[in-house]
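Down below is the structure, laid out as structure tokens.
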Amino acid sequence: MNQEHWNNIYEMVSAKPIINAIGSVTMLGGSTPIPEVKRAMDLADSSYVPLVELEEKAGKFLAEFIGVPAAYITSGAGSALTLAAAAIMAGDDDQLIEQLPNTHGMKNEILIQKKHRYWYDRCLEASGAKLIMFGSEQKTTEKDLEEAIGPQTAGVHFTMYEQNPDPDALSLEKTIEIAHSHKLPVLVDAAGQIYPLENFGKYVKMGADFQCIAAKYLGASQSSGLALGTEEMIRKISKQSFVGYEGRRIRGIGRPHKVDRQEMMGVVAAVQNWLTINHETRLSNIEKQSMTLINILSSCPYIEASLIENIIGHQPFGVKIKIINHKFTVHDIVNKLKNGTPSIWTRVVGENNFIEIHMFGLKTDEEKIVGEKILEIFE
Ligand SMILES: *Cc1c(COP(=O)(O)O)cnc(C)c1O
């Protein structure tokens with residue numbers, strides 16, 4: 001049915017497109033570049049440009065636009081984390097830069113609250129750094145951090161999820177205060193902290209040395225991202241750059257983190273767009289799409305569908321679907337949708353007893369297809 005509006009480019013290699021009702025996830029493609037980004041990328045095709053200069057100039061432009069001291073475009077937020085970890089270990093020393101990921105002779109420990117361990121902290125380790133945990137699963141105190149700091153400490157990592165604040169974690173304010181009193185840098189993963197707009201760059205403004213942002217959430221290519229930070233931090237990150245292989249004849253670990261000139265200009269366009277569009281319209285459209293799905297599902301006695309109210313971060317609203325009085329589990333529904341035609345991808349996050357649908361990857365009216373296909377399963 002729905003194949004018509006799908007570009008058949010994927011057929012050439014016998015790959016099957018799907019409907020993405022999960023949201024911005026890397027395994028399904030992460031993002032669809034918006035027209036403004038595609039236009040910028042097309043224009044960037046028109047000529048070659050020295051990339052050392054473009055990295056620097058585009059970073060400067062973005063830093064001024066965002067209101068932070070410095071910025072650097074990376075091949076994703078994960079890349080920004082790896083390069084930042086390398087930067088706090090090797091600093092400006094070209095010999096150490098060429099030695100990584102072997103950290104011999106360097107401070108190589110990055111402290112992270114036990115409560116803040118998360119899926120992407122592996123990106124920090126990719127630099128050669130070691131993660132050292134402090135605090136317990138229940139709580140982190142100032143003393144926990146003070147006691148964890150030692151002669152091998154290179155910096156402190158902070159995982160930011162403002163949509164899900166944890167009162168028992170050590171706050172970013174305290175983390176910065178304690179780390180800086182020991183002259184240690186603070187890294188913040190704020191990949192999805194792009195709304196409210198004041199959060200875009202906020203952690204650096206609060207005093208963190210670095211925060212990353214995933215450009216996949218901004219309508220740029222999912223293979224791009226941003227490091228924001230102090231001038232010192234961003235200078236050290238840029239010394240790890242893939243361009244260093246030719247530009248400075250220094251082989252940092254950043255070589256496999258290549259970014260096209262097209263992607264760089266795409267990120268510039270994505271940030272410009274994000275910081276100037278009308279977010280009330282954006283949010284109201286996503287809320288409407290979510291309500292359309294809820295209304296379709298309301299006719300089914302086996303489903304309890306409700307609106308997710310969150311608007312903080314990269315994924316506002318969405319729909320929570322519970323199964324009631326029926327033998328099907330949420331996992332049965334996820335599988336049936338995936339194996340149907342068209343294939344619809346949804347997910348149950350962690351141990352949750354509900355399916356979580358997000359509009360990010362749904363084109364206009366695809367939420368209706370999702371709703372109808374769910375109803376069909378129960379018919
Ligand atoms: C998506 C994401 C990342 C990884 O970003 P990429 O740009 O995909 O490398 C890291 N941290 C968080 C919190 C994310 O949501």
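Side-chain atoms are counted along with the backbone in the values below, which use heavy atoms only and exclude waters and symmetry mates. Both counts, for ligands and for their atoms, begin at 1 and track the order of listing. Residue numbers start at 1 and run along the sequence shown.
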Quiz item: Going through the distances and angles, do I374 and I321 end up as a side chain to side chain contact (heavy atoms under 4.5 Å, CB included)?
Solution: CA-CA 10 Å; I374 294 174; I321 298 174; 3.8 Å; yes

Please walk me through it: do M106 and Q152 pass side chain to side chain contact (heavy atoms under 4.5 Å, CB included)? CA-CA 8 Å; M106 296 177 221; Q152 281 304 101; over 6 Å; no

Between ligand 1 and the protein, find all N/O pairs closer than 3.5 Å and give the distance for each.
from     : atom 1 : to   : atom 2 : distance (Å)
ligand 1 : 5 (O)  : K216 : NZ     : 3.4
ligand 1 : 7 (O)  : A77  : N      : 2.7
ligand 1 : 8 (O)  : K216 : NZ     : 2.9
ligand 1 : 9 (O)  : A77  : N      : 3.4
ligand 1 : 9 (O)  : G78  : N      : 2.8
ligand 1 : 11 (N) : D189 : OD1    : 3.4
ligand 1 : 11 (N) : D189 : OD2    : 2.7
ligand 1 : 15 (O) : Y217 : OH     : 2.6

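Counting heavy atoms from C-beta on, the side chains of S75 and K258 never come closer than 4.5 Å.
Around OH of Y302, the count of heavy atoms belonging to other residues, nucleotides or ligands within 6.0 Å does not exceed 12.
Side-chain atoms of Q193 and E162 form no donor-acceptor pair, as typed in the model, at a separation below 3.5 Å. Neither side chain, Y161 nor D166, offers a donor N or O lying under 3.5 Å from an acceptor on the other.
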